[in-house]
Each structure stands twice: as structure tokens, then as C-alpha cells.
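As a basis for the values below, the full set of heavy atoms in this structure was taken, side chains included, without hydrogen atoms, waters or symmetry mates. Chain naming here is simple, since letters A, B, ... match the order of the sequence lines and numbering starts at 1 in each.
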Amino acid sequence: MSHHQLDARRLLCPMPVIRTQNKVNELKPGDVLEVICTDPGALNDIPAWCRINGHKVLETKKKNNEVIVVIQVNHS
Amino acid sequence: MAKAVSLISGGLDSLLATRVVMDQGVHVEGINFFTGFCVEGHTHAIRKRHEDRPKRNNALWVAETLGIKLHIIDIVDEYKNILLNPKHGYGANMNPCLDCKIFMVHKAQEWIEKNGFDFIITGEVVGQRPMSQRKDTMPVVARESGAADRLLRPLCAKNLPATLAEREGWIKREAMHDFSGRNRKPQMALAAHYGFVDYASPAGGCCFLTDENYSKKLVDLWQARGKRDYEMDDIMLLKVGRHIRPRPHFKLIVGREEGENNFLQGYAKIYTSLKTTSHPGPLVLLDGVANDDDLLLAARITARFSQGKSAEKVIVETRRDNGEEKILEVAPLPPSELKEEWHV
Ligand code: SF4
């Protein structure tokens, strides 16, 4: 299990979701990915994408103007 | 079990078409293409006044409602060629719908080949859209995309010749529909039958290119630059603010509210920008080239859209794209001098 980060700042939805998807596809089950965004829409869209595709959202948080979503990969 | 991929736009038709096929016991996954012009997301993300409405991505919502996976594919770069050189031309505005559909189905065909799926589903309905969904153009989509009879349109399949999915017995003809034309009642009835509520119903089309004002701004951009081309930043900025072209070689993008001003702020270092400091006012970006006279005119227009519009003098802070800063004291441009034809 390894920890990864994805900088999706300044991208507007659905780009943060697309970047998350493409990154997750490179990772192994159990890996953790932390996505940092500035579009607050990502707070809804990335968890929705995770629910659909079976990945687990470990944490969502807002810090200053940034939105952070932490995901655990689960390729089913 | 047969496997199909469904083109999910986020609208009602693809939601229904997918469900019809799922009911036949086919394994379905969704695919959604991002061209950069999609109505989804952006404007809601930008404009503050939409903040009260929970923002959602409709394609993701459809996939979640159906309980299927969704693959979102970025086709921004490849789409440029479709929009700039559509073999079948444009619709009422700058929408190259027929070429666009052919391209998306072609990408879906590539995807099913790579992933070992059997056929492709779309929510198309004969006669529903003036360009891409006509009786004579629907076979063109199947043929030119290379999908041929791997393309299934469950909402109107009863009006069309049988395709592979039917012949192989993966899906029964009786289970499909015979919708046609622009009447939306059958779709709404089917949605009610499935208990789908709260679905999106975008007017016109799935992208900004069907919008007359957006198309005008795009054509204006090409004319001003003397070439038909665009970058992602251009197409994003066309969605935001008031666009005013007082001279052929530059235009101004004037934020209309706080959300737009914040969004434009992200571009303030790449473009020449203007902002009133003596009075509250919008952030203005200048796209193009401007000499000192042009900058002065831009400052007067900026003042015109500020709360100092009736003041004698307004102070405008200007910052050129090369970093050069200048403070100007100007008289706001009177309404009579702000020509109607400057509005793009
Ligand atoms: S409305 Fe836009 S996205 Fe939809 S088919 Fe036409 S060009 Fe393509």
C-alpha cells in the first residue's frame, strides 16, 4: 500500500474527476490517493465517482480555498 | 453475459436507453465524453448565484441512479479538429452535431474493442434533433463511426432494422421502443414508469455550441485573431462575463458578479487586467493587443461598469500582461458612447 498525491488545483469539473480516474487506474488496490482541488464541485463529484466505481472515500476536507478528497483504491 | 457500453450525456434519453438494455440482463457500463464545451459543471462552478442549488454532475448522477460504472474520457484535443473541420457542417449554431456523434460513437467502438465489450448503446431518437438524429443521418453515424450494427438505439429500435444485439438474442425487439420526433411525452412516461425523478432536461443540446450567444463569441474570437483555433482557456472564458469589443484588435471580459470576478482573477496574471480602486467594480480582462489609447478606453469602460459610473472621475488600476502597472484617473464612458455593436 502506498500513498499518492494529485494536484488538481485550478481545474474545473469534470477535469478533477477525469484526472482522479486516470490516476486511480494506475494504482493498486489498497493504495491511498489524496486529491487537492480548488473547484468546490469536486467535493460532490469525486465522492460520487468513487461510489459508482467502488472506491472508498476516507476523508473530505476544506482548507482555505482548497478541497481535499482522500480515496482508497479498490479495483473490483 | 453480453456486455454493452452506453453513451451517457447526463440527459434523460441516455438514462432510459441504458435502463431498457439493463432490464434485458446485459452488463452495461457508461462512457461520457468531455469536449470542453459541455454544459455540465463549469458555469455552476463559476457563478455565485447558482451556489444555493447543489451542484452535481449529471452524467455521474445518471450512472449512480442506474448503478453502473462510468468512464469519463477527455477528448478536448481531438475534438478541436471536429469543431474546426466538420465534414457534415454545422447545425443552427456552431454545433457540428453529426460529426460529433460519429466521433463519439467511433471512440466508443475503440473502447469496446479494447475492453472486450459487445455493443454500444445511445439514447438517440429518430427525428428528435434536426441534424444528427434524422432518419437519413442515423445510418451515417453507424457507418462512419465504424460501429455499424454494433450500435443499438433502444428508444427507437423498433423503427430501425435489427442490429447485432437483437440478432444474437442479447436483447429482444419487443422490449425496446418506437419513439420518434420531438415529442418528449413518451420519454417522460417511461421515466415515470421507472420511477426516475429529478433528471436533467437541458434545453437545446448537451453543449454550449448549440447556444447562439456562445457561438457568436466563438466566431468573433476567430475573426479577431484571423485564424480558427482555440485553447482551453479561450473556451472557458467565453462562458464567463460580458464580452465587449470596442476595437477589432481587443475585447474586454467584464465580470458580472462575485463568482465570475473570482474566476477571472485566476487569469489576471496572463491577461492585461483592469480594476477600479476608487469605487467597487468588476474585474476586467483585456484579450488582444492594446496601445495606451486603447488602455485608456478600456479603463473608461471598466469605470462605466463600476459603482462609480456616475462619478466625474474614477481611479482604475491597470496591469499589462507583461507586468507593467499603471494607475489611470478616467471619466466613465457615457452610455451613449458604449456602442450597441461592441457587445459580442
Ligand atoms: S450538442 Fe454538442 S455535444 Fe451534443 S451532439 Fe451536438 S455538438 Fe455534440
Side-chain angles (χ1 to χ4, degrees), chain A residues 4 6-31 33 35-76, chain B residues 8-10 28-48 50-51 53-77 114-115 232-233 235-237 239-240 259 262-270:
Chain A
H4 303 259
L6 176 66
D7 183 358
R9 281 178 288 201
R10 282 176 298 281
L11 296 175
L12 291 178
C13 282
M15 282 315 290
V17 184
I18 298 178
R19 294 279 168 87
T20 303
Q21 163 192 274
N22 297 350
K23 182 77 193 170
V24 163
N25 286 342
E26 295 167 9
L27 302 179
K28 292 192 200 59
D31 283 357
L33 177 65
V35 191
I36 309 162
C37 314
T38 42
D39 180 354
L43 212 48
N44 295 322
D45 291 356
I46 295 177
W49 180 84
C50 288
R51 287 196 299 275
I52 291 165
N53 293 286
H55 307 292
K56 194 167 164 193
V57 177
L58 298 177
E59 195 186 357
T60 56
K61 58 188 169 198
K62 265 184 151 174
K63 211 167 73 186
N64 305 325
N65 282 326
E66 294 180 352
V67 165
I68 298 164
V69 184
V70 187
I71 303 169
Q72 183 158 44
V73 178
N74 175 23
H75 293 300
S76 50
Chain B
I8 302 289
S9 64
V28 185
E29 294 187 14
I31 194 167
N32 171 260
F33 295 105
F34 178 60
T35 63
F37 294 97
C38 306
V39 176
E40 282 303 317
H42 297 157
T43 35
H44 301 297
I46 298 164
R47 300 197 70 172
K48 195 102 185 163
H50 290 167
E51 237 176 27
R53 252 188 279 158
K55 190 188 102 58
R56 75 172 188 206
N57 176 305
N58 285 310
L60 288 169
W61 178 82
V62 164
E64 195 165 16
T65 300
L66 291 167
I68 61 172
K69 285 194 175 181
L70 183 72
H71 310 275
I72 311 178
I73 313 226
D74 171 1
I75 54 166
V76 170
D77 290 339
K114 194 168 147 219
N115 292 283
M232 192 65 185
D233 283 346
I235 62 182
M236 296 303 301
L237 285 172
K239 297 176 188 175
V240 189
N262 289 343
F263 179 76
L264 293 174
Q265 191 65 51
Y267 291 88
K269 290 234 157 67
I270 333 172

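Here the closest heavy-atom approach between residue B:Asp74 and residue A:Met15 is recorded as OD2-CE, 3.5 Å.
We find the CD-CD1 distance between A:Gln21 and B:Ile72 to be 5.5 Å, quoted to the nearest 0.5 Å. For the atom pair A:Ile52 CD1 and B:Trp61 CH2, the distance stands at 11.5 Å (nearest 0.5 Å). To the nearest 0.5 angstrom, B:Lys239 atom NZ is 8.0 Å from A:Leu12 atom CG.
Using a 4.5 Å cut-off between heavy atoms, B:Ile68 touches chain A through its backbone atoms (N, CA, C, O) alone.
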request  = Kindly indicate, with the supporting measurements, whether the criterion side-chain contact (heavy atoms from CB on, under 4.5 Å) is fulfilled by A:Asn53 and B:Lys69.
outcome  = CA-CA 5 Å; A:Asn53 293 286; B:Lys69 285 194 175 181; 3.5 Å; yes
task = Before giving the answer on side-chain contact (heavy atoms from CB on, under 4.5 Å), spell out for A:Trp49 and B:Asn57 the whole-Å C-alpha distance, their side-chain angles and the decisive distance to 0.1 Å.
result = CA-CA 10 Å; A:Trp49 180 84; B:Asn57 176 305; over 6 Å; no
